[in-house]
Amino acid sequence: MLVINLTDGTSGKTSKTGEEMAGDYPLTLIARVDPPSFSGGENLTASHVDVDGDYAYVSYNTVEDGYAGGVDIIDVSRS
C-alpha cells in the first residue's frame, strides 16, 4: 500500500503533517524494472506510472522525434 498524503474527509484537501522535510517519506526500493528494448530501436524512457490495486502500469516512449513506445503491467502485490 502506498500512502504519502493524508486526506481531510470533509474538504478533500491533502496536506503533509507537521514540519516534514521534503523527501522524508517511508519509501523502500524493492525492485527495479528496466525499460523494454527492441532491435534497432532508440532507448525508451518511462513517461507515466499509475498504480491501481495490485498492479502498476508503466508507459514508455522515446525522447526523440520518431515515436516508439511500450507498456509494462507489473504485479506489485506482496504475494
Side-chain angles (χ1 to χ4, degrees):
M1 174 184 266
L2 178 64
V3 177
I4 296 176
N5 293 324
L6 301 176
T7 301
D8 179 348
T10 59
S11 69
K13 296 180 180 178
T14 60
S15 65
K16 290 197 280 182
T17 59
E19 294 296 317
E20 234 177 334
M21 300 275 301
D24 190 20
Y25 301 109
L27 300 177
T28 302
L29 178 64
I30 58 171
R32 188 184 101 159
V33 177
D34 291 326
S37 62
F38 57 97
S39 179
E42 298 293 323
N43 290 332
L44 297 176
T45 185
S47 56
H48 291 84
V49 175
D50 184 39
V51 178
D52 185 13
D54 289 340
Y55 297 94
Y57 302 87
V58 183
S59 64
Y60 303 92
N61 65 14
T62 55
V63 294
E64 302 297 325
D65 291 338
Y67 175 78
V71 175
D72 272 332
I73 302 172
I74 304 163
D75 183 349
V76 294
S77 66
R78 291 183 176 219
S79 53

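Computed from a prediction, not measured in an experiment: that's the story for all the values here.
A single hydrophobic cluster is not seen to contain both Val49 and Ile73; linkage of ILVMFWY side chains at heavy-atom distances under 4.5 Å, directly or through other members, places them apart. One hydrophobic cluster holds both Val33 and Val76 under the rule that ILVMFWY side chains link at heavy-atom gaps under 4.5 Å.
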Identify each donor-acceptor pair in which a side-chain atom of residues 53-61 lies under 3.5 Å from a protein atom, sequence neighbours left out, and give them as a table.
unit_1, atom_1, unit_2, atom_2, d
Ser59, OG, Ser47, OG, 3.0
Ser59, OG, His48, N, 3.4
Tyr60, OH, Asp72, OD2, 2.8

